[in-house]
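This report concerns only the one structure given below.
By convention in this document, chain letters (A, B, ...) are assigned in the order of the sequence lines, proteins followed by strands, and residues within each chain are numbered from 1. As the structure is a computational prediction, the values presented were derived from the model and not from experiment. Both backbone and side-chain heavy atoms feed into the values below; hydrogens, waters and symmetry mates do not.
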There are 2 protein chains.
Amino acid sequence: MNIEIINTGNELMLGRVLNTHQQWLCRQFADAGYVVTRQVAVADTAVAIQQAVREALTRARLIVCTGGLGPTSDDLTRDAIAELVGRPLREDPAIVAALEAWYAARQRTPSPAVMLQAQVPEGATVLPNANGTAPGLLMEVRVKEGGVGTGSSWLVMLPGPPRELRPMFTAHVLPWVKATFPLAAPFVCRTLRSTGVPESTMQQQIAGPLAALVARGLEIGYCARPGEVDVRLVARGPLASALVTEAEAIVRREVGRSLYGVEGESLEAAVVRELTGRRQSLAVAESCTGGRIANRVTDVPGASEVFWGGFITYSNALKERLLGVRAETLAAHGAVSEATAREMAEGARARTGADYALAATGIAGPGGATPDKPVGTVLIALAGPESTEVVRMLNAFDRDTFKHVTSQQALELLRQRLLTQRCAPPTP
Amino acid sequence: MNIEIINTGNELMLGRVLNTHQQWLCRQFADAGYVVTRQVAVADTAVAIQQAVREALTRARLIVCTGGLGPTSDDLTRDAIAELVGRPLREDPAIVAALEAWYAARQRTPSPAVMLQAQVPEGATVLPNANGTAPGLLMEVRVKEGGVGTGSSWLVMLPGPPRELRPMFTAHVLPWVKATFPLAAPFVCRTLRSTGVPESTMQQQIAGPLAALVARGLEIGYCARPGEVDVRLVARGPLASALVTEAEAIVRREVGRSLYGVEGESLEAAVVRELTGRRQSLAVAESCTGGRIANRVTDVPGASEVFWGGFITYSNALKERLLGVRAETLAAHGAVSEATAREMAEGARARTGADYALAATGIAGPGGATPDKPVGTVLIALAGPESTEVVRMLNAFDRDTFKHVTSQQALELLRQRLLTQRCAPPTP
C-alpha cells in the first residue's frame, strides 16, 4: 500500500521553517507497520498543490496533505483540492458553532476570514481540531475524479501547526487507517531508549546476542541523537510478537541500566516517574544550562508532585548570594570547578529542603574558554541524602546541543542514583 | 527557473531522522534569489530514486539530490542515476588518489567498497569533498537522455552528512549556479517577526495599506506559530528592492510596536540585544513556566552580560522561602493571583539586584484548574526601576505550548517596557 505525504507552504520552500511534519508522520506510520513511500513539499499555490495531489493520486492509496487550512489568503489547500477533484465547498454548521464557541471561550471575536474554515468539500468527513480553529478533512476520491487516477484513493488534509496536527492524527487519522487498511500480517515494533552509551558500543553489546533472532526475521535499527540512542526492534508475521518480546529481554539483560524508557518516553518523564514512586523531591541549581533542566522536568505533567524548584545562577554573585557558594571557592577554583558544582548542589538542597539537588556549571560557548577549560567543559553535581557526587564532562557541541546533552547527563546521574537506591535501600 | 531537491534515505521515510537538508538548501537558494519549486524524499532504492529523478527531469532545470554516495550497500544514488541517464561509470584516478591519501593521513586502510566512490558517470564533473570521502557530482542531461525531458537539465549529487554537504554546496555549487543561471531580475525577500497579534488581525491591519504594492507585484506571506506571526515580503524585478522597502515601512507604521526582529532573530535575542544596549540586567521568578523563560534567554550567545539568573518556585513553600511571597497573600489570593505574581517579581528583583525581574504563575494543566481559574490562566509580572505591572492571560493550550506562549508574553512585556523607556526616558 502506497502512502504519500504532501507538505505545503511557501515558508518551507523558502527555507524559513524546518519540516518536522515529515519525520513525525513517517514515524507514526512506521511504528504502526505502514511505510510512507514518498514525501513532497511544494509552495502554497493552487497550481503547485493541485499538480502534487494529481500526481500522488496516480500512485498512492492514501495521501496526507499538511498545511493551508487556516483563515488567511495563503491558505489554499482546501480550495485547491476541492477544485481539483470537482467537489463544491459547503459551509458546515457544526464547524461554525465550534468556531464561535472557540472564540467565545477565549473572549475574542472571530474575524469574517475565520469562518472560511467552516467550508467543507462535498462528501468529506470533518476531523475535529481540539487545539485550534482549522478542522481536518478526510475524503475518498473515486476513479478519474479530477481526471486522474485509477481505483480510489483517500485524501487526508491536516492543519499545519504541529500542536494541532499531531493530536488530530493520533486521535482520528491513525485509528481510521488501521481500521480501513488492516495489515496483511502482524507487525510489532518496539523502541527502547538509552542514554550514556555511544551507538557503536550499543551495537557491539547487543548485535551478537540478538544474531539468532535476526536469523529468524528480527530487524534491528539504531537511531543516534546527541546524548541518546534508540534501539528499534521490528518483526512481521505470526511470530512477530514473540520475536520482539524475546529480543527486548535480551537487550534489557545486556544494557538494561542504560535503558530509561520505551517508545516516546522522555528521560525527564522517567525521572519524574521514579521520584513520584519514591515520594521524593528534586531541586536544581543551574548555571550553564540556564534553566534547561528545570524546563525539561516541568514539561512532564504532574512534575509539581516531585519538583520543588530551584535556582538559576548565571552570575558568580548569584552563586554566592542565592546558593551560598563561598567567595574563596570561586576565587581558588573558578565557577567551572568541581568544588563550585558541589557547593551549588549542596546549597540548593539545603535552601529548598528537597531530597535531591542537581547542579551544573560549565562553558556553553562560544565564548568563555580558558586553556585548561575548553568550550564544552562542564561539572555536574548531585547532592542527596547519602552523599554528593560530581562528574566532569566535555560536551564540545554548539550551544544548544551543549545545554541539551548536559541536562541529559544531569538527569541520568539522578536516574542512576535512584536505580541504585531502589536495588539497595540505605540502612535506616 | 525550476529547481527541485530530491532527498534519499530509508531513515527519512521511517521517520528516524529530521530532514534538515531541505530547509538549509531551500534557504541558501532563496537568499540568493532562486526558489526551490519542489522537494521530494524517497527511500534508498534504485527504483524509487530513478522514478523521482525521471519525474524531476520533466519539470526542472536544476535537480539537487542528497545522500546515497557513500561506500555501503544502501548507497545507490550514483549507480541509479548513471543507469537512468545511460552514462557508464568510470573510475576517476584523481578520486582514487584522493581516497588513498585521505586514508593514509588517518593511518587506516581503505576497504574495497570505499573505492566505489571513485566511480564517476561519463561526462560528470567531480565536486571535491573537504570533509569526507564521497565526492559530489555535477552533470548535464541533454534532451531525451534517459528517455525523458525536453531541452537540458543539470543534476547535482551531494553526500548526505550535513558537514560534508554544506561546505560543498557553498564552495562549489552555489557559485556555479550563480554563474550558469544568472538571475533575470533582482529578487528581494524580507521577513518581519511579530508577537502579540493574531494572524488574522495582522492580515486585517496590513493587507489594506499594502494593497497598492501588491497590485505592483509585492507578495505577502504569513507564517503563524503559537505566540508569533512572521510577515514575509517578497518582490522580483527592477523595482523589487523599492517595493519591499516601501512595504516594510508600511508594515512598521501599522504594527511597528509588535515587530521584534527581522529574518531569523528570536524574541529572546531581541530582548538580550535591547538590555545589552542599555547595560541593564534581568532576573526571573518562574512558577508555571518552570525555567522556560530563563532557558530561552540563555540560548542567546552573550546572554550572561545581561541575565543574572533567578528562581524557579514551583511549590508554594519555595515562593515564600526563596522570594518572600507572604503567607497571607498565598492564603488570601492563591498562588495563581495578581498579588502573588507581583510579590514574586518584586522579590526576585530585590533578592538578585537586577534592574528588571519577570515572574509567571499560572495553571499549565492538565490538572490544577478551579472554577474561576481554568487551565491556561496565567499572571505575568514585570518589576522594574519605575514600577511593577501585572497582566493576566488565558493561554488555553497543551502544556508545552502554554509554557512557550507564556514565556513569549513575558519577554514581550519586558520588550514593550524597554521600548517605552527608550521613547520617553524617566526624568532623573
Check whether B/D400 gets within reach of chain A through its side chain, its backbone, both or neither, counting any heavy atom under 4.5 Å. side chain
Which answer fits A/A317, side chain, backbone, both or neither, if we ask what part of it has an atom under 4.5 Å from a heavy atom of chain B? neither
A/R321 portion near chain B, given a 4.5 angstrom heavy-atom threshold: side chain
Which atoms form the tightest heavy-atom contact between B/G310 and A/L318, and what is the distance? N-CD1, 4.1 Å
Which region of B/P198, side chain (C-beta onward) or backbone (N, CA, C, O), has a non-hydrogen atom less than 4.5 Å from a non-hydrogen atom of chain A, or is it both or neither? side chain
Does any backbone or side-chain atom of B/A52 lie under 4.5 Å from a heavy atom of chain A? Answer side chain, backbone, both or neither. both
Name the region of A/V297, side chain, backbone, both or neither, that has any atom closer than 4.5 Å to a heavy atom of chain B. neither
Considering only residues two or more places apart or on different chains, which pairs with a residue in residues 102-113 of chain A satisfy salt bridge (charged side-chain N to carboxylate O under 4.0 Å, His left out)? none
Please classify the contact between B/R225 and chain A as side chain, backbone, both or neither, with a heavy-atom cut-off of under 4.5 Å. side chain
Could I get the full list of side-chain contact (heavy atoms from CB on, under 4.5 Å) partners for A/R349, not counting sequence neighbours? A/A357, A/A383, A/P385
Heavy-atom proximity to chain A below 4.5 Å, by part of B/V229: neither
Lys/Arg N to Asp/Glu carboxylate O, A/D230 vs B/R16, below 4.0 Å: no
Given heavy-atom pairs under 4.5 angstrom as the criterion, report whether the side chain, backbone, both or neither of B/E263 touches chain A. side chain
Would you mind checking which part of A/T352 comes under 4.5 Å of any heavy atom in chain B, side chain (CB onward), backbone (N, CA, C, O), both or neither? both
Ignoring hydrogens and angles, tell me if any N or O in the side chain of A/R399 forms a donor-acceptor pair with the backbone of B/T298 under 3.5 Å. yes
Please classify the contact of B/T191 with chain A as side chain, backbone, both or neither, using a heavy-atom distance under 4.5 Å. side chain
Cut-off 4.5 Å, heavy atoms of chain B, and the answer for A/V35 is side chain
Inter-residue atom distance A/E305.CD - B/Y314.OH, 0.5 Å rounding: 11.0 Å
Chain A contact via B/E11 - side chain, backbone, both or neither, heavy atoms under 4.5 Å: neither
Do you see a donor-acceptor pair shorter than 3.5 Å between the side chains of B/Q39 and A/Q39? yes
Selection from B/V234, B/L18, B/L394 maximising heavy-atom pairs under 4.5 Å formed with chain A: B/L18
Which answer fits A/Q51, side chain, backbone, both or neither, if we ask what part of it has an atom under 4.5 Å from a heavy atom of chain B? both
Sort A/P161 into side chain, backbone, both or neither according to what part of it lies under 4.5 angstrom from a heavy atom of chain B. neither
Can you tell me how far apart CZ (A/F307) and CD1 (B/I312) are? Round to the nearest 0.5 Å. 5.0 Å
